[in-house]
Amino acid sequence: QVQLVESGGGLVQAGGSLRLSCAASGSIFSINAMRWYRQAAGKQRELVAAVSSGGSTNYAGSVKGRFTISRDNAKNTTYLQMNSLKLEDTAVYYCNAEATPYSSRYYRYTYWGQGTQVTVSS
């Protein structure tokens, strides 16, 4: 089975930086898009950033210029570098990946990590 595990969340002061990591594991045939979503308390889940298999990126307007998404295909890992953090960035951040497992090569599935809490203080 394909699993996504996020790490790097925590408490940080406004203006600080944090880097989130999401590692995909399992019998993976391919990974297409990798994305980061977030869900703040009382709000709907929103797309923060996405990176395609070819390296093209997209960002939510609220994080553009502050966050950077990247991926290391050799490690099946995506990163979200978050700089100049603001109070409104506080949320649970979820890793999302579109992937095909070896066990079901002809199908593409969407996988989700369990989320990591990012809390920006002050």
Side-chain angles (χ1 to χ4, degrees):
Q1 298 290 93
V2 177
Q3 298 181 62
L4 303 179
V5 179
E6 301 102 332
S7 62
L11 177 65
V12 64
Q13 290 187 329
S17 298
L18 211 57
R19 190 178 79 155
L20 305 182
S21 298
C22 172
S25 62
S27 299
I28 303 169
F29 177 74
S30 64
I31 299 177
N32 301 106
M34 301 191 82
R35 308 176 180 93
W36 286 96
Y37 286 80
R38 69 185 182 188
Q39 187 167 18
K43 296 184 178 180
Q44 295 188 17
R45 189 171 299 184
E46 64 175 345
L47 177 66
V48 176
V51 57
S52 72
S53 60
S56 297
T57 59
N58 289 293
Y59 298 93
S62 59
V63 307
K64 191 171 296 183
R66 299 188 297 119
F67 291 10
T68 302
I69 187 171
S70 61
R71 64 190 290 170
D72 185 336
N73 291 330
K75 297 180 179 179
N76 287 332
T77 299
T78 183
Y79 305 94
L80 185 67
Q81 178 66 48
M82 304 184 292
N83 298 325
S84 301
L85 284 162
K86 303 175 180 179
L87 293 178
E88 53 262 43
D89 294 320
T90 295
V92 176
Y93 284 71
Y94 296 92
C95 179
N96 169 277
E98 186 178 87
T100 298
Y102 275 112
S103 61
S104 189
R105 181 177 175 180
Y106 301 102
Y107 295 90
R108 182 181 295 170
Y109 299 94
T110 297
Y111 298 91
W112 291 90
Q114 63 183 10
T116 184
Q117 177 71 48
V118 172
T119 301
V120 183
S121 66
S122 298

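Since the model is a prediction, treat every value here as computed from it, not as a measurement.
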For this session: Mind listing the closest non-hydrogen atom pair of Gly113 and Tyr94 along with its distance?
Result: O-CD2, 3.7 Å
Exercise. Would a 4.5 Å heavy-atom cut-off, applied to side chains only, mark Val5 and Ser25 as touching?
Worked result: no
Exercise. What distance separates Ile28 CD1 from Gln3 CD, expressed to the nearest 0.5 Å?
Worked result: 9.5 Å
Exercise. Applying the 4.5 Å side-chain criterion to the ILVMFWY set and letting contacts propagate, would Leu87 and Leu80 be lumped into a single cluster?
Worked result: yes
Exercise. Going only through I, L, V, M, F, W and Y residues with side-chain contacts under 4.5 Å, is there a path from Tyr79 to Leu4?
Worked result: no
For this session: Please round to the nearest 0.5 Å and tell me the distance separating atom SG of Cys22 and atom CD of Glu6.
Result: 5.5 Å
For this session: Answer with yes or no whether the hydrophobic clustering places Val92 together with Leu47; edges join I, L, V, M, F, W, Y residues whose side-chain heavy atoms lie under 4.5 Å apart.
Result: yes
Exercise. Which residues satisfy the side-chain hydrogen bond (donor to acceptor under 3.5 Å, both in side chains) test with Asn32, sequence neighbours excluded?
Worked result: Arg108
Problem set entry | Donor-acceptor pair, side chain of Arg71 and main chain of Ser52, under 3.5 angstrom | yes
For this session: Might you confirm whether atom CD of Gln114 has over 12 heavy atoms from other residues, nucleotides or ligands at distances under 6.0 Å?
Result: no
Exercise. Is Arg66 close to Met82 at the side-chain level, that is, under 4.5 Å between some pair of heavy atoms?
Worked result: no
Problem set entry | Nearest-0.5 Å distance, OG1 of residue Thr119 to CG of residue Asp89 | 11.0 Å
Seminar exercise, completed: When rounded to the nearest 0.5 Å, the distance separating CZ of Arg35 from CD of Glu98 is 5.5 Å
Problem set entry | Side-chain hydrophobic cluster, 4.5 Å single linkage: members besides Tyr102 | Phe29
Exercise. Is any side-chain heavy atom of Thr100 less than 4.5 Å from a side-chain heavy atom of Tyr106?
Worked result: no
For this session: Measure up the Tyr93 and Phe67 rings against each other and bin them: parallel (under 30°), tilted (30 to 60°), perpendicular (over 60°).
Result: tilted
Problem set entry | Val63-Ile69 co-clustered via ILVMFWY side chain contacts under 4.5 Å | yes
Exercise. In terms of hydrophobic clusters joined by side-chain contacts under 4.5 Å, are Val51 and Tyr37 together?
Worked result: no
Problem set entry | Minimum side-chain heavy-atom gap Ser17-Gln81 below 4.5 Å | yes
Exercise. Between Ser27 (side chain) and Pro101 (backbone), is there a donor-acceptor pair under 3.5 Å?
Worked result: no
Exercise. Which is it for Cys95 and Trp36 under the side chain to side chain contact (heavy atoms under 4.5 Å, CB included) test, yes or no, and what are the steps along the way?
Worked result: CA-CA 5 Å; Cys95 179; Trp36 286 96; 4.1 Å; yes
Problem set entry | Atom pair CD/CG of Gln117 and Leu11 - distance to nearest 0.5 Å | 9.5 Å
Exercise. Would you say Thr78's side chain and Ser70's backbone share a donor-acceptor pair under 3.5 angstrom?
Worked result: yes
Problem set entry | Pairwise distance CE(Met34) to OG(Ser53) - rounded to 0.5 angstrom | 11.0 Å
Exercise. Are any of the side-chain heavy atoms of Tyr109 and Val2 separated by less than 4.5 Å?
Worked result: no
